[in-house]
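What you see below is based on every heavy atom in this structure, not just the backbone, and it leaves out hydrogens, waters and symmetry mates. Bear in mind the structure is a predicted one, so any value in this text is a computation, not a measurement.
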Amino acid sequence: MFQCFSIIDILEDPKHDSLLKTFTLRKLATQELVCDAETRENNVFIVLSGELRAYLSFEGREFTVFTLEPESVFTTHSKMNVAAKRPSEILVADIRLFQRAMFEVPELSRAIFQSMGRGLETTLHIIEELVFLDVRQRLICFLLEMANERGCKVQDGISITLDYNTEDIATVIGSSRQSTSLMLNELIRGGELARISRTQLIIHDLTKFKSLVGSNDLTPWPRPRRQTTPL
């Protein structure tokens with residue numbers, strides 16, 4: 001039978017006290033950098049609490065590749081910028097010590113490989129969407145994912161409460177803030193969406209909204225969660 005392994009449970013197991021001592025606890029304030037694309041550090045970190053963002057930056061524009069939540073594992077040599085989206089705590093260890101720990105604790109290796117599989121699947125999906133969909137379609141996919149994850153049925157359709165501002169959404173779908181705002185307003189003016197408040201939207205007809213991307217069998221845009229990169 002397939003068995004899932006929780007990284008946090010493994011670290012908190014008393015028999016793995018020596019493994020836990022490999023790590024150093026680091027507390028992060030909102031927007032504080034863990035590392036940037038040019039860092040020479042060669043560390044592994046595990047997210048204990050909060051939420052981090054791994055992103056690429058080019059000519060003043062940013063693109064969010066991963067959202068790292070509790071139990072996510074990432075490395076500082078990924079050539080990405082990583083910053084806290086909100087107050088967070090991480091455990092940090094030198095990669096050589098971490099690799100040794102993986103050999104000594106088989107459960108840890110299995111937990112990481114499981115996360116790696118999820119991370120690879122999400123990455124391939126993001127590349128596919130960026131290649132084949134335009135900005136408007138990617139925005140619709142993102143909103144569909146939000147509806148799937150946190151949507152609530154109301155009289156007028158599906159209500160979505162967003163903790164993303166326009167700039168956050170733009171970095172997720174690989175667009176500029178201006179283009180994202182324009183497309184969002186067009187969907188509202190066209191009647192596909194209704195804005196109830198700054199953080200709340202309503203999708204009136206979910207089936208019709210999916211069809212705007214050209215497929216009724218569309219897989220929603222995957223906002224990366226609990227991702228791991230290969231070491």
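Legend: residues meeting side chain to side chain contact (heavy atoms under 4.5 Å, CB included) with T39, ordered by chain and number and at least two apart, are C35, D36, E41, T76. With sequence neighbours excluded, the residues satisfying side chain to side chain donor-acceptor pair (under 3.5 Å) with S176 are S179. With sequence neighbours excluded, the residues satisfying side chain to side chain contact (heavy atoms under 4.5 Å, CB included) with K27 are L25, E89. Every salt bridge (Lys or Arg N to Asp or Glu O under 4.0 Å) that R86 has, sequence neighbours left out, goes to E51. Applying the salt bridge (Lys or Arg N to Asp or Glu O under 4.0 Å) criterion to E32, with sequence neighbours excluded, gives R26. In this view, R40 satisfies the side chain to side chain contact (heavy atoms under 4.5 Å, CB included) rule with no residue, not counting sequence neighbours. A search for salt bridge (Lys or Arg N to Asp or Glu O under 4.0 Å) contacts involving R96 returns D94, not counting sequence neighbours. Legend: residues meeting side chain to side chain contact (heavy atoms under 4.5 Å, CB included) with L56, ordered by chain and number and at least two apart, are V65, M80. The salt bridge (Lys or Arg N to Asp or Glu O under 4.0 Å) search around D205 returns none, not counting sequence neighbours. F23 meets the ring pair (Phe, Tyr, Trp, His ring centres under 6.0 Å) test with F98; sequence neighbours excluded.
V154 belongs to a hydrophobic cluster with I196, I202, counting contacts under 4.5 Å between side-chain heavy atoms of Ile, Leu, Val, Met, Phe, Trp and Tyr, direct or through other members.
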I'd like to know whether Y55 forms a side-chain contact (heavy atoms from CB on, under 4.5 Å) with V82, so could you lay out the CA-CA distance, the side-chain angles of the two residues, the decisive distance to 0.1 Å, and finally the verdict. CA-CA 6 Å; Y55 63 95; V82 181; over 6 Å; no

Show the numbers, then the answer: is there a side-chain contact (heavy atoms from CB on, under 4.5 Å) between L91 and L48? CA-CA 7 Å; L91 290 174; L48 287 182; 3.7 Å; yes

Yes or no on side-chain contact (heavy atoms from CB on, under 4.5 Å) for R136 and V213, after CA distance, side-chain angles and deciding distance? CA-CA 8 Å; R136 185 172 185 269; V213 191; over 6 Å; no

Quick one: do F209 and L144 satisfy side-chain contact (heavy atoms from CB on, under 4.5 Å)? Show the steps, please. CA-CA 8 Å; F209 199 66; L144 286 171; 3.7 Å; yes

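Counting heavy atoms from C-beta on, the side chains of L162 and I169 come closer than 4.5 Å. Between I90 and F74 there is no side-chain heavy-atom pair separated by less than 4.5 Å. You'll find the side chain of L212 reaches within 4.5 Å of the side chain of L187, heavy atoms only.
The distance from atom CG of L201 to atom CZ of R195, rounded to the nearest 0.5 Å, is 5.5 Å. Summarising the geometry, atom OG1 belonging to T171 is positioned 8.5 Å from atom CG belonging to N165; distances are rounded to the nearest 0.5 Å. The distance from atom CD of E69 to atom CG of L52, rounded to the nearest 0.5 Å, is 10.0 Å. Atoms OH and OG1, on Y164 and T67 in that order, are 4.5 Å from each other to the nearest 0.5 Å. Considering CZ of F142 and OG of S175, their distance stands at 12.5 Å, rounded to 0.5 Å. Here CD1 of I140 is found 10.5 Å from CG of L184. Values are rounded to the nearest 0.5 Å.
Using a distance-only test at 3.5 Å, with no hydrogens or angles considered, no donor-acceptor pair links the side chain of N185 to the main chain of L182. Remark: side-chain polar atoms of R138 are paired, donor with acceptor, to backbone N or O of G174 under 3.5 angstrom. Between the side chain of Q137 and the backbone N or O of D134 there is at least one donor-acceptor pair closer than 3.5 Å.
Annotation for G50 and S88: closest pair CA-OG, 3.4 Å, computed over non-hydrogen atoms. The two atoms that bring T30 and P87 nearest to each other are OG1-CD, 3.1 Å, heavy atoms only. A37 and N81 make their closest contact through N-OD1, 3.2 Å (heavy atoms, listed as atom of the first residue, atom of the second, distance). When all heavy atoms of A29 and A84 are compared, the closest pair comes out as O-CB, 3.4 Å.
Under the side chain to side chain contact (heavy atoms under 4.5 Å, CB included) rule, V34 has a single partner from L28, N43, V47, which is L28.
By the rule that hydrophobic residues join a cluster once side-chain heavy atoms approach within less than 4.5 Å of another member, I46 and L97 end up as members of separate clusters.
Among residues at least two apart or in separate chains, side-chain hydrogen bond (donor to acceptor under 3.5 Å, both in side chains) pairs with a member in residues 152-163 are R150-D163, S159-Q200.
Other residues, nucleotides and ligands contribute only 12 or fewer heavy atoms inside 6.0 Å of the CD atom of E38.
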